[in-house]
2 protein chains.
Amino acid sequence: MLSQTAEYALRTVLYLAAAQQTSLHRASEIAEALDIPRNYLSKTLHLLARAGVLTSSRGKNGGFRLAKPASKLTLAEVVAPFDGPTGARICLLGRVACSDSDPCPAHARWKSVSGEVSTFFRETMVGDLLESPVARVKRA
Amino acid sequence: MLSQTAEYALRTVLYLAAAQQTSLHRASEIAEALDIPRNYLSKTLHLLARAGVLTSSRGKNGGFRLAKPASKLTLAEVVAPFDGPTGARICLLGRVACSDSDPCPAHARWKSVSGEVSTFFRETMVGDLLESPVARVKRA
DNA sequence: CTAAATTATCATGACAAGATGATATTTACA
DNA sequence: TGTAAATATCATCTTGTCATGATAATTTAG
């Protein structure tokens, strides 16, 4: 469903939301905590910063933190820089133009399903996920 | 949502379902009708045949046709050889073990959404899509 | 002002998906 | 029996994603 990179982004944001949201966290700290390749994560963090999801500070004692409260950050915002509009993935059959007025054979049935996926990403806040009993992201 | 190859497979099956289901259709005929690369489609057709979705006949006057009625063929069957269990894509955060008893932070919320996607592919029949007003697959 | 720490950026490589082209194999029909 | 038509199979090529490693730029601390 999500690309590897988008998954890294989401896990990173959850990590930052669960930790001290106001303090800075180094890329190497995050990479080690989440078991994500260090150098690759650097680029992902940079893109998240450019997208306005994180703010970065360079130099000694630098690092990353959330640009806004987790309760106001949607999953769609986190994932969009990597996977584009998630779930909104238009036509199941790959037609460039597929709409209510010019539908592909799968349009009517697929529309409601993909709409739910899209809604999930647009309306679920990062903060919502922290309410779960186990917020820690455990890896294999 | 679907890989390019799975999309080819789905469009091919819809084409065969809309056409004479009992007669054979050549790979080149399908490729031209659906604007899919000829040689690449050959392999996709072969895999669909091996998966039991199509039957193939070699030699002169050979070709492909559906192995069973479109009304008894699920979208999941068509797509599975390429994308695996679609929508059933387990954990949004990529955890290998993620279940009701050992959930990731997103589990509860994501479960219902991914379940709907999975259900769509498992319960929608190829034949269902033919009832649409415009069954022809128009490409850009 | 210098050095260390840290992000930013660049260059490259590994790998899979998608695509292309050529060859082998099978079958029908003249 | 031979030839043409069609699928089956094999060998590459291209491209994008994921990943690795090295270097530049920036900032703080002493």
Side-chain angles (χ1 to χ4, degrees), chain A residues 1-12 15-16 23-67 79-84 86 89 93-94 139, chain B residues 1-12 15-16 23-67 79-84 86 89 93-94 139:
Chain A
M1 176 58 69
L2 294 180
S3 69
Q4 185 67 259
T5 310
E7 183 196 303
Y8 289 163
L10 189 51
R11 288 171 54 207
T12 294
Y15 174 83
L16 293 176
S23 62
L24 293 171
H25 300 264
R26 282 170 292 120
S28 56
E29 171 201 328
I30 302 169
E32 186 176 4
L34 302 182
D35 193 24
I36 296 173
R38 165 75 168 74
N39 286 323
Y40 191 73
L41 181 62
S42 281
K43 280 174 230 165
T44 305
L45 291 169
H46 177 56
L47 288 173
L48 282 172
R50 284 213 323 178
V53 173
L54 305 181
T55 58
S56 68
S57 296
R58 300 173 66 150
K60 195 169 182 179
N61 299 329
F64 299 87
R65 61 178 171 75
L66 295 185
V79 159
F82 311 101
D83 289 13
T86 310
R89 264 300 299 281
L93 302 181
R139 291 293 286 177
Chain B
M1 176 58 67
L2 293 180
S3 67
Q4 184 67 258
T5 309
E7 183 197 303
Y8 289 163
L10 190 51
R11 288 171 53 208
T12 294
Y15 174 83
L16 292 177
S23 62
L24 294 171
H25 299 264
R26 282 171 292 120
S28 56
E29 170 201 329
I30 302 169
E32 185 178 5
L34 302 182
D35 194 23
I36 297 173
R38 164 74 168 77
N39 286 323
Y40 192 73
L41 180 62
S42 281
K43 281 175 230 165
T44 305
L45 291 169
H46 178 57
L47 289 174
L48 283 172
R50 285 212 324 176
V53 173
L54 304 181
T55 57
S56 68
S57 295
R58 301 174 67 152
K60 194 169 182 180
N61 299 329
F64 300 87
R65 60 177 171 78
L66 295 185
V79 158
F82 312 101
D83 289 12
T86 311
R89 261 301 297 280
L93 302 180
R139 292 291 288 178

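Per chain, numbering begins at 1; letters A, B, ... match sequence-line order.
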Figure out the CG/P separation between B/L24 and C/dA28, and round it to whole Å. 11 Å

Tell me the closest heavy-atom pair linking B/L93 and A/E7, and the distance in Å. O-OE2, 3.1 Å

A/R65 versus A/T55: any side-chain heavy-atom pair under 4.5 Å? yes

Apply side chain to side chain contact (heavy atoms under 4.5 Å, CB included) to the pair A/N61 and A/L24, showing each step before the final yes or no. CA-CA 8 Å; A/N61 299 329; A/L24 293 171; over 6 Å; no

Shortest non-hydrogen pair, B/L41 vs B/A27, comes out as CD2-O, 3.9 Å

From C/dG18, C/dT20, C/dT7, nucleotide with atom closest to B/Q4 side chain: C/dG18

Hey, does A/Y8 have a side-chain heavy atom less than 4.5 Å from the side chain of A/F82? no

Respond yes when some side-chain nitrogen or oxygen of B/Y8 is under 4.0 Å from OP1 or OP2 of C/dA19, and no when none is. yes

CG of B/L2 versus P of C/dG18: gap in Å, rounded? 11 Å

Between C/dT6 atom P and A/E32 atom CD, what is the distance in whole Å? 13 Å

Mapping B/L41 and A/S42 to their closest nucleotides on DNA chain C, which lands nearer the 5' end? A/S42

Atom CG of B/L47 and atom P of C/dG18 are separated, to the nearest Å, by 12 Å

Atom NE2 of A/H25 and atom P of C/dT7 are separated, to the nearest Å, by 12 Å

Shortest non-hydrogen separation from B/G52 to B/A67 and the atoms involved: O-CB, 3.2 Å

Rounded to whole Å, please give me the gap between CD in B/E7 and P in C/dA17. 16 Å

For residues B/I36 and B/T12, determine if any side-chain heavy atom of one lies less than 4.5 Å from a side-chain heavy atom of the other. yes

Chain A reaches DNA chain D, atoms under 4.0 Å from its heavy atoms, from D/dC18 to D/dA29

Protein and nucleotides 12-16 of chain C: nitrogen or oxygen contacts under 3.5 angstrom:
none

Can you see which heavy atom on B/S28 is nearest to which on B/R38, and at what distance? CB-NE, 3.4 Å

Please list, in numerical order, the residues of residues 48-61 of chain A that have a heavy atom closer than 4.0 Å to any atom of DNA chain C. A/S56, A/S57, A/R58, A/G59, A/K60, A/N61

Is B/E29 atom CD crowded by more than 12 heavy atoms from other residues, nucleotides or ligands, each under 6.0 Å away? yes

Work out which heavy atom in A/F64 is nearest to a heavy atom in A/H46; give both atom names and the distance. CE2-N, 4.5 Å

Atom CZ of B/R38 and atom P of C/dA22: how far apart are they, to the nearest Å? 13 Å

Closer than 3.5 angstrom, by distance alone: can the side chain of A/D83 be matched with the main-chain N or O of A/L2 as a donor-acceptor pair? no

